[in-house]
Amino acid sequence: MAEHHVAEHSPPHQHPHGHSHDHGPASPASARLRVLLAAVLVPFALAVLSGLWLLWPAPLPAHAPTGTGFDQITVTGTVTATRSVPCGGSGQSSAASANSGTCTAITFRLTSGKDAGRSVTQTLTPDQTAVYSAGEKIVVDYSPTAPAALQYTVEDADRSLPVALLAGVFALAVVLVGRLRGLAALVALGISFLVLSFFVLPAILGGEPPLAVAVVGGGLIMLLALYLCHGFSARTSVAVLGTMASLALIGALGQAFIGLARLTGNTSDETAFVHSLFPGIQLPGLLLAGVIIGSLGVLNDVTVTQASSVWELHAANPALGARALYRAAIRIGRDHIASTVNTLVMAYAGAALPLMLLFSLSHRGAWQVATSEIVAEEVVRTLVGSIGLIASVPLTTALAAFVASRDVRDETELAGVPAPARGRASHRRRH
């Protein structure tokens, strides 16, 4: 009742007008609150660093290229000429000879590798959908054990320039709009890729438990990204705690339902190929690690938004108690849940669209399709991640409301605070 009385009778002119609602830098927290948050987060950070030291991968053993799939040697080339030719002619590959109709003869010059400068002609069959034109840069597979005429075959277009250009446009847009905060986000993105490239992937390939690697790697990415992008503040620390709790829930649910659904994690050619090269990889654990890493980004977004919402509400009306803050912020969270869960499901559906088209042509029932391993794997991944996302909203909101409402400075800290604000803080402390 005391909270309600303060909210009703606090004159509007007493509310400070310097508060920002753009999720800007948070004001410093009280000393007591900083100590409390540090008591929780410092052990977690130390645990992450200890896990990083214990799980740091040894150099991976070298293996001879198999000459198949992603392990094939590639060089670069440039298309010099293309022409239409009848399929089935002499000197063509067995695939071209087995086709009838019009094929495309493509001539390209190698620009890298031991045979750089050599020109090669290859015939593409009508079922090969890629279309090449003179002057286009390409990626060429090299098979040293194949006959001389078949050692070099066109693999794909060389997309280095357009992808690099798009990445540059993206980085420019982030910096122009986000300014220093956008630059920090780009740095955090780079750090995330470094953690994945130099720790997570090599550790999993080295036979370390994928779940432990994902928890340590995800924890490191979370700490670095959140504090780098949003600064060291109580608000950011609450978002970190909310993300931690939600990731723990995702890990527990993923572990349980991957086991209950008897998912092996071996549902793609890529997984089978990697497992053949590194038999020590635990495929169900790899699936669970993918769920955790994949959920991390969207969790960060939700927890930061909810923590910021609570702090902005508290800044607008410092008289609000924990319950009132929670009720106001959870309404924002419900809208966020509705939009984000739909986004998450649509993202997975878009990635699996070719698979969905394939099953739509089959004569199986919808439930039979949904419970087949290749689809059930995506269903479990989506639903477990969504449950963790949903849980993160009330968890983070409740924690932020509790912390923000109790962020009251003592008299020495309030020495430099204007009298009206100091009076409100003292009043809240008495009640």
Side-chain angles (χ1 to χ4, degrees), residues 40 44 47-48 51 55 196 200 203-204 208-223 225-226 238-268 271 281-307 330 333-334 336-349 351-352 355 367 369-400:
V40 178
F44 173 73
V48 168
L55 298 173
L196 290 173
V200 174
I204 291 175
E208 299 293 349
L211 176 57
V213 172
V215 169
V216 172
L220 182 62
I221 290 172
M222 174 184 67
L223 288 172
L226 285 179
V238 167
V240 169
L241 292 173
T243 305
M244 283 169 47
S246 303
L247 283 178
L249 176 62
I250 288 173
L253 286 174
Q255 184 82 46
F257 281 94
I258 286 173
L260 287 173
R262 301 176 62 83
L263 298 177
T264 64
N266 190 13
T267 56
S268 67
T271 305
I281 293 179
Q282 305 167 26
L283 294 183
L286 182 62
L287 173 60
L288 180 57
V291 173
I292 292 174
I293 295 294
S295 302
L296 185 59
V298 69
L299 275 178
N300 285 347
D301 172 48
V302 171
T303 55
V304 168
T305 299
Q306 287 306 113
I330 199 65
R334 291 190 185 108
H336 207 177
I337 287 174
S339 61
T340 308
V341 167
N342 188 62
T343 300
L344 192 64
V345 172
M346 289 300 100
Y348 280 121
L355 179 64
W367 185 248
V369 169
T371 54
S372 63
E373 181 170 10
I374 192 170
V375 177
E377 183 177 293
E378 296 302 323
V379 170
V380 169
R381 190 197 310 269
T382 303
L383 295 183
V384 165
S386 298
I387 292 171
L389 176 66
I390 293 168
S392 70
V393 171
L395 281 173
T396 307
T397 305
L399 183 60

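For this chain, numbers begin at 1 and follow the sequence in order.
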Not counting sequence neighbours, which residues clear side-chain contact (heavy atoms from CB on, under 4.5 Å) with [X]? List them please.
| X | result |
| --- | --- |
| A256 | none |
| P284 | I258 |
| V393 | V302, Q306, I330, I337, T397 |

* Asked: Going through the checks in order, is the side chain to side chain contact (heavy atoms under 4.5 Å, CB included) test met by L241 and T396?
  -> CA-CA 8 Å; L241 292 173; T396 307; over 6 Å; no
* Can T243 and T303 be said to form a side-chain hydrogen bond (donor to acceptor under 3.5 Å, both in side chains), step by step? -> CA-CA 6 Å; T243 305; T303 55; 2.9 Å; yes
If we only count heavy atoms from C-beta on, is the [X] to [Y] side-chain gap below 4.5 Å?
| X | Y | value |
| --- | --- | --- |
| L211 | I292 | yes |
| L287 | R381 | yes |
| I387 | I250 | no |
| S246 | L395 | yes |

* **Point-to-point distance, once rounded to the nearest 0.5 Å, from CG of N300 to CD1 of I221** =>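 So the gap between those two atoms works out to 9.5 Å.
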Between [X] and [Y], what is the shortest heavy-atom contact and its length?
| X | Y | answer |
| --- | --- | --- |
| S295 | V298 | O-CG1, 3.3 Å |
| A307 | V238 | CB-CG1, 4.3 Å |
| A391 | P394 | O-CD, 3.3 Å |
| A289 | P210 | CB-O, 3.6 Å |
| V213 | A203 | CG2-CB, 3.8 Å |
| L249 | G388 | CD2-CA, 4.4 Å |

* Asked: Under the side chain to side chain contact (heavy atoms under 4.5 Å, CB included) criterion, do F257 and L383 qualify, and how do the steps go?
  -> CA-CA 10 Å; F257 281 94; L383 295 183; over 6 Å; no
* Can you list the steps and then say if V215 with L247 is a side chain to side chain contact (heavy atoms under 4.5 Å, CB included)? -> CA-CA 8 Å; V215 169; L247 283 178; over 6 Å; no
